[in-house]
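Quick note: residue numbers are just sequence positions, from 1.
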Amino acid sequence: MTLPVARTRDEAHLYLDLHPCERCGSVETTWEHALVAAPEGLAARYAGACAGCGAERRHVFGLPEREVGAGPFPTFGGPEPSQLLDAGEWLWVADLTAGNVPADDPDAARQALAIAVAAVEEVVKFVPPGEDQVPERAFWTDLGRQVRGAEPGRFQVDRLLVVRDAYRRLAG
């Protein structure tokens, strides 16, 4: 079995935040990160105890073929689409983050909108060259398929770019 690749630390932590403890549903975990040997090769292991119930939590991710340079927060990945989150999950993250921009904290608002911009850019990475929308195969989770099913037209490139640009303008 091939390990899904976490392209960056930011992407791994977002994935961990979206996958709560199976026992109690809490996402509160202090994660310890280590490089480990796996049958597939070198891997990144995140492990910790759930703050809600104490259950041991562990996720192991493959490493990217090439290192993604550190950029401004958030840096979710390089030019290739994510293997951890599908296109619908990325748009869900963008919607959730942009919908909760704090009105009384300009720095936090800019950070939230930066996450929303980056999440929409992640959706666009699923669009094959020469096509104008995210293909159906880019939705492999229940949440991702629900987001797509609710409004499939949102996954057209032109609409995604309009949303991304609007978030950029709001971030100032």
Side-chain angles (χ1 to χ4, degrees), residues 1-20 27 31 33 38 40-46 59-102 108-172:
M1 181 177 152
T2 303
L3 293 172
V5 172
R7 300 168 297 164
T8 65
R9 181 182 178 279
D10 290 345
E11 182 181 39
H13 277 269
L14 178 59
Y15 177 88
L16 297 169
D17 287 346
L18 295 178
H19 292 84
V27 295
W31 295 103
H33 172 259
E40 299 84 354
L42 201 56
R45 181 188 69 211
Y46 288 82
H59 291 274
V60 179
F61 304 112
L63 300 176
E65 287 184 23
R66 64 189 174 301
E67 190 173 332
V68 175
F73 176 82
T75 301
F76 291 124
E80 67 286 333
S82 178
Q83 293 179 21
L84 297 182
L85 282 77
D86 73 12
E89 288 175 302
W90 282 112
L91 193 57
W92 182 84
V93 166
D95 290 347
L96 179 69
T97 307
N100 290 300
V101 172
R110 276 190 294 281
Q111 182 173 350
L113 288 165
I115 292 168
V117 167
V120 173
E121 289 174 343
E122 288 299 323
V123 178
V124 174
K125 292 177 186 178
F126 285 96
V127 179
E131 294 193 24
D132 63 354
Q133 64 183 353
V134 178
E136 190 171 337
R137 67 181 176 275
F139 303 89
W140 60 82
T141 66
D142 289 341
L143 175 59
R145 286 189 293 269
Q146 288 172 3
V147 172
R148 181 180 183 273
E151 199 173 346
R154 294 187 69 204
F155 292 92
Q156 295 173 347
V157 173
D158 57 346
R159 286 186 67 181
L160 290 165
L161 296 178
V162 166
V163 170
R164 180 204 61 195
D165 293 347
Y167 293 159
R168 274 190 183 151
R169 279 191 303 280
L170 289 170

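V101 pairs by the side-chain contact (heavy atoms from CB on, under 4.5 Å) definition with A109, A112, L113, not counting sequence neighbours.
In this structure, the separation between CZ on R9 and CG on L16 is 10.0 Å, given to the nearest 0.5 Å. If you take CZ on R159 and CG on L91, they are separated by 9.5 Å, rounding to the nearest 0.5 Å. A distance of 5.0 Å separates CZ of F76 from CG of L14, quoted to the nearest 0.5 Å.
None of E122, E11, E89 except one satisfies the side-chain hydrogen bond (donor to acceptor under 3.5 Å, both in side chains) rule with S82; the exception is E11. Residue Y46 is tested with H19, H13, H59 for a ring-ring contact (aromatic ring centres under 6.0 Å, His included); the sole match is H13. Applying side chain to side chain contact (heavy atoms under 4.5 Å, CB included) to P74 and the options T97, D10, T8 leaves one that passes, D10.
Open room surrounds CD on E65; 12 or fewer heavy atoms of other groups in view lie less than 6.0 Å from it.
A38 approaches L3 most closely through the heavy-atom pair CB-CD1, 4.1 Å. Summarising the geometry of N100 relative to L96, their closest heavy-atom pair is ND2-O, 2.8 Å, with the distance given to 0.1 Å. Summarising the geometry of G88 relative to F155, their closest heavy-atom pair is CA-CZ, 3.9 Å, with the distance given to 0.1 Å. Summarising the geometry of R164 relative to V120, their closest heavy-atom pair is CB-CG1, 3.7 Å, with the distance given to 0.1 Å. The two residues A6 and A12 come nearest to each other via the heavy atoms CB-CB, 3.9 Å.
Residues L18 and L84 have side chains not in contact (no heavy-atom distance under 4.5 Å, counting atoms from C-beta outward).
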Show me the donor-acceptor pairs within less than 3.5 Å that the side chains of residues 126-142 make with the rest of the protein, sequence neighbours left out.
from: T141; atom 1: OG1; to: D86; atom 2: OD2; distance (Å): 2.8
from: T141; atom 1: OG1; to: G144; atom 2: N; distance (Å): 2.9
from: D142; atom 1: OD1; to: R145; atom 2: NH2; distance (Å): 2.9

*Show your working on side chain to side chain contact (heavy atoms under 4.5 Å, CB included) between W92 and L85 and close with a plain yes or no.*
CA-CA 10 Å; W92 182 84; L85 282 77; over 6 Å; no
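The backbone N or O of E80 lies less than 3.5 Å from a partner atom in the side chain of R7, making a donor-acceptor pair.
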